[in-house]
Amino acid sequence: TGAVVLEHLGYAVDYVDVRGPLPGGSLANRYAGIVTWFTDEQVPNQESFQAWLLVQVNAGIRVAILDHLGFLPNPILQSRLGFVREDHRTTETIRLLYADPKLTGFETKVAVRQTEFYPLRTEGKKSQRVLSVEDSRGTRMDAAFTSWWGGVALAPYLLAQGPMYEYRWIINPFAFLTQALKLPELPVPDVTTLDGHRMLIVHIDGDGFPSRAMMPGNAYSGKVILDEILKRYPVKSTVSVIEGEVGLSGKWPKLSPALEAIAREIFALPNVEVASHSYSHPFNWLRNGKDLDDGSINGLFRYPYSLPREISGSIAYINERLAPKDKPVKVFLWSGEAVAPLAALTLTSTAGVLNMNCGNTIISSRRPTLTAVSPMGRPIRDQYQVYAPIQNEMVFTNEWRGPYYGFREVISSFQLTELPRRLKPINIYFHFYSGSKIGSLKALRQVFDWALSQDVVSVYASEYIRKVADFQDLTLARRLDGCFQIRGSGALTTLRIEPTSTLGRIDRSRSQGVIGTRDLPQGSYISLDASGKSVVCLHPTGNLPAALDRKESEDAGSP
């Protein structure tokens with residue numbers, strides 16, 4: 001959940017497993033900061049980890065420590081960072097000593113935890129306490145503070161645990177990480193918005209294509225979705241099938257001629273982008289076929305399992321038998337638990353196909369918390385798995401046990417990721433089996449009707465995936481004249497300036513590659529051309545020429 005915050009602030013995240021080798025040398029010239037998130041004090045090789053951390057701090061890179069320190073700090077590190085951590089507990093009554101109203105109470109109020117207290121005091125002159133408690137003897141625990149080197153926000157005052165193991169932020173993570181890491185104000189690369197409008201992504205997993213609809217006509221679910229959704233709502237849609245459901249070599253070969261005909265009609269639609277959802281629909285991609293040894297089935301049926309058959313084979317099948325010749329498979333949508341291993345990601349990349357799915361963005365009216373929002377994806381060595389922006393109807397229908405109209409709750413997901421911060425595009429993500437029930441089909445129509453009543457621009461999943469990939473590699477540098485130089489692939493064409501920013505407004509006369517701006521409650525969105533080489537120059541607020549102000553007003557008008 002911390003990665004979501006950093007991405008919204010404009011930073012790509014590289015992950016390091018502290019059980020393995022740590023990055024060598026100083027990271028100060030390569031990274032904006034280091035963030036640790038440990039759930040205990042059991043980091044392996046604690047002394048070497050602390051020595052590494054000290055090297056980085058001394059090199060000038062700032063560090064934010066979240067949840068737990070991860071180690072029992074040695075005297076050298078404590079002295080350098082200006083805090084004292086004692087190792088005993090207290091049985092005294094605990095009371096709240098101080099809570100900074102700007103940095104605490106983000107999703108829930110500060111509540112003192114009587115059973116979790118350990119003395120940790122910041123003693124540095126350049127430190128600012130954010131949240132402190134003390135016992136009746138005056139022993140203090142500075143649970144959150146910032147300092148010259150970074151900051152600390154520790155359990156149990158970082159997140160509060162609620163019912164059903166759900167959490168709420170106590171600390172304001174946007175404000176805390178900005179202050180602790182001393183992050184500068186920047187035009188933020190943004191993957192939610194295009195030309196000032198929130199992006200709308202529709203993608204369909206192939207599951208349930210052969211299911212019979214429990215409604216008059218008893219049609220295949222694939223046919224219901226074709227007629228009632230894809231034709232009725234001609235927005236850009238990325239649609240996949242499972243070869244093992246519709247193909248001759250799959251589970252229902254006798255149904256294949258009829259199912260393939262429906263699939264061909266779907267893929268021939270001008271608003272449909274072609275995707276694969278595998279051959280056998282593996283539930284656990286990390287098992288790599290080990291199910292064949294333990295007697296279980298890791299998919300719809302048993303066969304001599306192989307990643308090439310699941311990925312390359314299913315892509316070839318769709319291209320040869322279902323997709324129009326000029327419209328091959330562009331996207332591979334992971335199935336089941338959808339956590340892809342490096343080998344699988346490499347296969348999609350080698351095939352020239354983009355990948356998406358997984359993630360767990362399930363924020364809704366029942367889970368109104370940022371902790372239920374996933375980052376853009378996960379890097380694995382030289383590959384990157386892109387997560388679905390919002391989760392599908394299975395989450396909202398109790399894993400398809402009902403109520404089948406439950407997917408309408410995803411509208412609250414779209415609303416909560418729009419204000420006060422636009423965190424995600426609108427993503428209508430569902431399976432073909434949503435066409436098998438009257439309730440689920442009605443809910444799907446309600447979701448589409450709501451989405452299309454908003455200020456949106458329709459994009460294919462492949463367009464979003466390329467923007468996410470560009471976000472990971474894009475560079476933004478401040479020039480000597482104060483302007484920002486942006487370099488990337490050209491897929492990501494939106495920058496966002498926060499509403500509270502003091503950077504000012506766009507100076508179109510000096511900027512390059514800027515084609516428009518739009519002011520919204522979430523910030524000012526700057527649209528760039530697709531060259532991948534732009535320069536954004538800003539005027540301090542209030543110093544714009546009158547003619548430029550009028551131009552900005554025109555850009556902020558109707559789309």
Side-chain angles (χ1 to χ4, degrees), residues 4-12 174 185-203 235-236 238 356 359 361 363 370 373-377 386-390 413-429 450-472 474 476 484 486 488-501 503 505-506 508 511 513-532 534 536 538 552 554-559:
V4 174
V5 177
L6 293 167
E7 288 175 347
H8 186 73
L9 294 173
Y11 295 90
F174 298 97
E185 289 186 325
L186 298 171
V188 175
D190 190 285
V191 301
T192 70
T193 304
L194 179 63
D195 296 333
H197 312 290
R198 191 179 187 187
M199 293 192 299
L200 168 62
I201 302 161
V202 176
H203 79 285
V235 296
K236 292 181 177 181
T238 301
M356 191 170 77
T361 297
I363 184 173
L370 186 69
V373 179
S374 292
M376 297 177 195
V386 177
Y387 290 162
I390 307 285
S413 304
F414 302 152
Q415 293 168 328
L416 290 169
T417 52
E418 169 73 344
L419 288 170
R421 298 169 184 86
R422 183 176 287 177
L423 298 170
K424 297 289 182 181
I426 293 175
N427 179 203
I428 305 178
Y429 169 24
W450 182 89
L452 292 174
S453 72
Q454 307 302 301
D455 177 25
V456 295
V457 57
S458 177
V459 301
Y460 289 122
S462 64
E463 297 176 77
Y464 171 74
I465 294 167
R466 288 192 178 96
K467 291 178 187 297
V468 170
D470 199 7
F471 181 95
Q472 308 309 315
L474 181 143
L476 188 148
F484 293 92
I486 298 93
S489 72
L492 195 160
T493 56
T494 299
L495 303 177
R496 185 190 71 254
I497 297 179
E498 291 293 309
T500 57
S501 173
L503 287 173
R505 296 177 64 81
I506 193 76
R508 294 281 288 273
S511 299
V514 174
I515 59 177
T517 64
R518 193 167 191 217
D519 291 337
L520 295 173
Q522 301 92 330
S524 180
Y525 290 84
I526 302 171
S527 299
L528 309 176
D529 63 24
S531 68
S534 300
V536 172
L538 301 163
E552 290 296 313
E554 292 167 6
D555 289 336
S558 301

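Between Trp450 and Ile426, some side-chain heavy-atom pair lies under the 4.5 Å cut-off. Between Val191 and Glu7, the closest side-chain pair of non-hydrogen atoms is not below 4.5 Å. You'll find the side chain of Tyr387 stays beyond 4.5 Å of the side chain of Val468, heavy atoms only. Between Tyr429 and Ile201 the shortest side-chain heavy-atom distance does not fall below 4.5 Å. Using a 4.5 Å cut-off on side-chain heavy atoms (C-beta onward), Tyr464 and Met356 make contact. With contacts defined as side-chain heavy-atom distances shorter than 4.5 Å, the pair Thr238/Val202 does not qualify. In this structure, the side chains of Val536 and Leu476 stay at 4.5 Å or more apart for every pair of heavy atoms.
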>> Set out, in order, the CA-CA distance, both residues' side-chain angles and the distance that settles side-chain hydrogen bond (donor to acceptor under 3.5 Å, both in side chains) for Arg422 and Thr193, then state yes or no.
In response: CA-CA 9 Å; Arg422 183 176 287 177; Thr193 304; 2.9 Å; yes

> Step by step, would you call Asp519 with Arg505 a side-chain contact (heavy atoms from CB on, under 4.5 Å)?
Replying inline: CA-CA 10 Å; Asp519 291 337; Arg505 296 177 64 81; 2.9 Å; yes

>> One pair to check against side-chain contact (heavy atoms from CB on, under 4.5 Å): Glu463 and Met199. What are the steps and the verdict?
In response: CA-CA 10 Å; Glu463 297 176 77; Met199 293 192 299; over 6 Å; no

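With Gln522 contributing its side chain and Glu418 its backbone, the two residues share a donor-acceptor pair below 3.5 Å. The backbone N or O of Ala491 sits less than 3.5 Å from a side-chain atom of Lys467, completing a donor-acceptor pair. With Thr192 contributing its side chain and Leu423 its backbone, the two residues share no donor-acceptor pair below 3.5 Å. Checking side-chain atoms of Ser534 against main-chain N and O of Ile486 turns up no donor-acceptor pair under 3.5 Å.
Taking CG of Leu495 as the start and CD1 of Ile506 as the end, the distance is 8.0 Å to the nearest 0.5 Å. Atom OH of Tyr11 sits about 9.0 Å away from atom CG of Leu6, to the nearest 0.5 Å.
The salt bridge (Lys or Arg N to Asp or Glu O under 4.0 Å) test with Arg518 singles out one residue from Asp190, Asp195, Asp455, and that residue is Asp455.
Using modelled atom types and a 3.5 Å distance limit, the side chains of Arg198 and Thr417 yield a donor-acceptor pair.
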